[in-house]
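FYI, side chains are in, hydrogens and waters are out, and symmetry mates aren't considered; it's all heavy atoms of this structure. Computed from a predicted model, the values in this text were never measured in an experiment. Residue numbering restarts at 1 for every chain, and letters A, B, ... go by the order of the sequence lines.
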Amino acid sequence: MHQTNNFLFKSLNNAQLNAVKHINGPLLVVAGAGSGKTKALTHRIANLIENNSVDPHNILAVTFTNKAAKEMKARLQVLLAQEIALNQFGQPWSTLKEFDQNQLRTNIDQERLRDLWIGTFHALFSRLLRYDIEKYQDPEGLTWTRQFSIYDETDSQTLVKEIVGQDMSLDPKRFDPKKIKRAISNAKNQCFTANDLEEKADNHFDKVIADAYRRYRISLSKNNALDFDDLLLLPVFLLRQNDLVRDYWHKRFQHVLVDEYQDTNRTQYELIKLITAGNTEPNKFCEWNDRSIFVVGDADQSIYSFRAADFRILIGFQEDFKNSSNNNQKASLVKLEENYRSSSNILTAANSLIENNTERIDKVLRSTREEGELLKLLSCDDEISEAEAITTKLRSLNNYNNQPIWKNFAILYRTRAQSRVLEESLVRWRIPYTIFGGLRFYDRREVKDAVAYLKVLVNSSDNISLLRIINVPRRGIGKTTIQKLNELSNKLNIPLWEVINDKQSLDETIGRSSKGINKFTELMNDLLCYIENSGPAQILQLILEKSGYLSDLLTSGSEESEDRRNNLQELINAATQFEEETENPDVEGFLSTAALTTDNDTKKNHPNSVTLMTLHNSKGLEFQNVFITGLEQGLFPSHRSIDTPSLLEEERRLCYVGITRAKERVFLSHARERRLWGGMREATIPSIFLSEIPEELIDGELPQSGGASIRRDRHLDRLTRVDRKDLNESINRPINAVRKLYSGPSKGKSWLIGDKVIHSKFGKGEIIHIFGSGEKISLAVKFGDKGSKILDPRLAPIRAIN
DNA sequence: CGTCAAATAATTTTT
DNA sequence: TTATTTGACG
């Protein structure tokens, strides 16, 4: 063995080594938060390439976010560069000049890793479709070409709305287009066709959805467009039906790696199976020589089930990929349980919390670090005091530095609406902050307009984009004109573009309204002359100039239009960058990138500011100090999840994700009263999650401002306490193992954990948890087959039984 | 055809 | 409260 082995392996712990050294066959890596899973992934790829002569051309590495893909690629480059530096130049990478480092990395990227497919599910499989979509034979006879448009959420929503409202003439009050879109999306993510839905439908509503699904698909095809879900679903059908195509991709991708496997949905799972095992069921597949499937994930961090992600796919991996030729031996498993991020108090808290979930893979995060500080509880009067308490903490923790380090702090919340109050407080104290998420760069109006021009130039069937720009900038084309043209297009069954591009018949049908239309078609035909020989950046420039879009913005001269102009310049920069980075930078490719890029990944490393984001957005990140806000029943956990155990467990995982983001300190805050939307105040009950963290790990503190003056001892009365002894006993037991005596409310009936009750709807049950205090308590009651419910004893139709 | 004001709805959102 | 969408009017 050469010394490269040493180098690749030396910084890994035993579990990581086992993962990295696994070569052929299936492997599941259960990777807890902060356990170095990206390290395992990148080192494994490097090991395949460098020590096992695997051609990068034969590797497929799939992630869920562009950011993760980018990071993986960058780390892989460095790994390979380090090796080359050592072997070829005889000096460690770190001693090379920065210029030489970059040179080497670029070299590696362009030569060694050129054919390595690493990216998001959507990016990679849309790429596959750009090659092979024309080989797809749809059972309903629908077709697409390789110039297909990708519709984002808004575009496809518009289309569904059109179909439901006009095509099917349904009352949008009874059949909410948003709900229908969601239902269709859900079906697509579970690999169901419209026919499948039709067969399953046992009520009117489901039949309507199946019908809408079928029409929506036809409509997409007429527009030569695909939505996000299709980028995964269509490849599944294509690979299933076309042996040649399937064989090609199956043979090509001998080593498949999937990151965040707990977030895969059924359709993605089908894709992975088709690529890995071809037409064979994976547990019947035996040709594992020179072939592997390597999935990494953490069921405890599955927080996207509302987008049809299903972590049971991860839990089932060992069974799915078991070896039928060897005693039905289960697929191998490696657990990464050593956490390098958080202090041990934080980890113990997170572990105790997640123990309350029932659907898990047994796993405990082990700390590699010192005990650290206790988690701090901030009990506040209302959401304003909460914000004030947080900013006060922020300032006091930074007082000891003459240079405040704001970037060490993150404030996490369950819903976007919570950010406003926090912002106000931060502004008041002049604390710099950055809000994550929100409007995508490519979702800005002017950017979407410009991109829509490109889309129509490439794909003239794309009516959504055509209608978006036909009167932008103003050409005096109104609603009635457009409606007439649409009707004509439908009647003659000719694409809208061809209808408006036929000057003569246009004059006949709409007379003088055709003036604006002609202006538009002349512009587009002019632009079409350039499409063959110019890159996306130049065409964008031409679009903005020739359409008058830019000059319109210039004449208005407002601050807003200046912003717009900057954004458009930014778009051209993005196109230029795309041309520089891409081997064959055609407009179609740029459009795919534009559709599949969020600016979370392009956003430059934020300056020294506090980060504000939703708990969902925080997954995969880490911060020195983390605030988790709004820990109240109905907010976190959200009211939609509170009486459905599986949803409640997902909220708990979300809380687990939040806590495990922190390296040094965790602050948990809740407000006793919160203005919801509108003026009304609502008294709150502290979150059940607070009661699931061992009391001795939490330090209740007196908030320094905002008049939130409740003391620790008074506060803790409000929570159900969990004794250490009971907690230890509860480990490895289901949720109802945590039991304690609770002194009930002063008035009315007092309740005890363990009491049996009878509910008029759910039948007999047992109280497994009590939280809140005084008049405001809630009971968690477990009803045999009906699962657990959270009930208010003052309202719920229950009575005690023996 | 375009603008303004009333009406309406409100978890989370890797692509 | 706010963001977005609808529809009446000039």
Side-chain angles (χ1 to χ4, degrees), chain A residues 62-70 119-126 150-158 161 165 172-173 176-179 182 185 188-189 226-233 259-260 262-265 267-268 301-309 383 412-421 424 436-440 442-443 471 474-483 513 516 592-601 613-621 630 634-642 647 650-651 653-655 657-658 674-681:
Chain A
V62 201
T63 65
F64 277 84
T65 65
N66 294 304
K67 198 175 162 192
K70 212 168 151 185
T120 64
F121 268 104
H122 292 84
L124 296 178
F125 285 97
S126 71
I150 298 174
Y151 279 178
D152 64 22
E153 232 38 76
T154 335
D155 299 331
S156 37
Q157 186 64 65
T158 313
K161 206 166 144 192
K173 292 235 163 53
D176 178 5
K178 282 217 174 76
K179 286 216 177 89
R182 277 215 57 77
S185 180
K188 286 184 170 182
N189 285 323
L226 298 176
D227 66 15
F228 286 148
D229 305 323
D230 290 327
L231 297 179
L232 309 175
L233 187 60
D259 191 16
E260 305 279 19
Q262 79 281 356
D263 287 335
T264 47
N265 60 41
T267 303
Q268 289 160 335
Q301 293 187 70
S302 160
I303 54 175
Y304 284 105
S305 73
F306 66 94
R307 292 183 46 144
E383 74 279 6
L412 309 181
Y413 35 79
R414 179 64 242 268
T415 68
R416 286 235 124 83
Q418 289 168 258
S419 71
R420 220 194 78 239
V421 187
E424 280 166 0
F436 247 71
L439 199 60
R440 258 176 17 127
Y442 288 101
D443 280 342
N471 197 31
R474 300 262 133 82
R475 298 182 182 95
I477 302 166
K479 242 188 228 151
T480 35
T481 313
I482 286 170
Q483 207 187 338
S513 331
S592 291
T593 315
L596 302 176
T597 307
T598 52
D599 38 345
N600 283 349
D601 22 88
M613 61 169 94
T614 61
L615 283 136
H616 281 92
N617 272 327
S618 76
K619 198 174 82 169
L621 304 175
L635 183 60
F636 190 23
S638 90
H639 65 103
R640 315 278 276 254
S641 64
I642 220 154
L647 295 183
E650 176 142 324
E651 297 281 306
R653 291 193 289 271
L654 190 55
C655 189
V657 166
R674 188 175 291 272
R675 264 183 290 271
L676 276 181
W677 66 112
M680 72 172 165
R681 285 166 166 274

Counting the atoms with a prime plus P, OP1 and OP2 as sugar-phosphate, which does [X] contact under 4.0 Å by heavy atoms, base, sugar-phosphate, or nothing?
{"X": "I477(A)", "value": "sugar-phosphate"}
{"X": "T614(A)", "value": "sugar-phosphate"}
{"X": "D263(A)", "value": "base"}
{"X": "F121(A)", "value": "nothing"}
{"X": "T480(A)", "value": "sugar-phosphate"}

(request) Rounded to whole angstrom, note down the C1' distance from dT14(B) over to dA3(C). (result)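 Result for the C1' pair: 24 Å, nearest Å.
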
(message) For the C1' atoms, the ones on dT5(C) and on dT12(B), what distance do you get once it is rounded to whole angstrom?
(response)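 The same atom, C1', in both gives a distance of 23 Å.
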
(request) Determine if the base of dT4(C) is syn or anti; take syn to mean the glycosidic torsion is within 90° of 0. (result)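 In terms of base orientation relative to the sugar, dT4(C) is anti.
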
Check this one for me: any side-chain N or O of [X] less than 4.0 Å away from OP1 or OP2 of [N]?
{"X": "T598(A)", "N": "dT14(B)", "value": "no"}
{"X": "N617(A)", "N": "dT14(B)", "value": "yes"}
{"X": "N471(A)", "N": "dG2(B)", "value": "yes"}
{"X": "K161(A)", "N": "dT6(C)", "value": "yes"}
{"X": "T481(A)", "N": "dC1(B)", "value": "yes"}
{"X": "S641(A)", "N": "dT11(B)", "value": "no"}
{"X": "R416(A)", "N": "dT11(B)", "value": "no"}

(request) Identify all stems in which DNA chain B takes part, counting only runs of at least 3 consecutive pairs (Watson-Crick or G-U wobble, each distance under 3.5 Å), and give each as one range with another, ordered by first number. (result)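 Only these stems qualify: B:1-10 with C:1-10.
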
Whole-Å distance between [N] [atom2] and [X] [atom1]?
{"X": "K178(A)", "N": "dT11(B)", "atom1": "NZ", "atom2": "C1'", "value": "14 Å"}
{"X": "K179(A)", "N": "dT11(B)", "atom1": "NZ", "atom2": "C1'", "value": "14 Å"}
{"X": "H639(A)", "N": "dA9(B)", "atom1": "NE2", "atom2": "C1'", "value": "12 Å"}
{"X": "N265(A)", "N": "dT14(B)", "atom1": "CG", "atom2": "P", "value": "15 Å"}
{"X": "K619(A)", "N": "dT12(B)", "atom1": "NZ", "atom2": "P", "value": "17 Å"}

(request) Taking ring-ring contact (aromatic ring centres under 6.0 Å, His included) as the test, write out the residues that go with Y151(A), two or more places apart. (result)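 In terms of ring-ring contact (aromatic ring centres under 6.0 Å, His included), with neighbours along the sequence ignored, Y151(A) is linked to no residue.
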
(request) State which residues pass ring-ring contact (aromatic ring centres under 6.0 Å, His included) with F121(A); sequence neighbours excluded, sorted by chain then number. (result)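 Listed in chain order: F64(A).
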
(request) Return the minimal non-hydrogen interatomic distance between I477(A) and N471(A), and the atom names on each side. (result)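 Smallest heavy-atom distance, with atoms named: O-ND2, 2.9 Å.
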
(message) Using heavy-atom distances to pick each residue's nearest nucleotide on DNA chain C, tell me which of K479(A) and R420(A) is more 5'.
(response)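 Nearest nucleotide further toward 5': that of R420(A).
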
(message) With the six-membered base ring of dT12(B) as reference, does the ring of F306(A) sit under 5.5 Å away with planes under 30° apart?
(response)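 So yes, this residue stacks on that base, both cut-offs being met.
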
(message) Looking only at the side chains, is there a donor atom on one of T415(A) and Q418(A) sitting less than 3.5 Å from an acceptor on the other?
(response)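 Yes, a side-chain donor-acceptor pair sits under 3.5 Å.
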
(request) Show your reasoning for whether side-chain contact (heavy atoms from CB on, under 4.5 Å) applies to D443(A) and E153(A). (result) CA-CA 10 Å; D443(A) 280 342; E153(A) 232 38 76; over 6 Å; no

(request) Without swapping roles, check the side chain of H616(A) against the backbone of I303(A) for a donor-acceptor pair under 3.5 Å. (result)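 Judged by distance alone, yes, a pair lies under 3.5 Å.
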
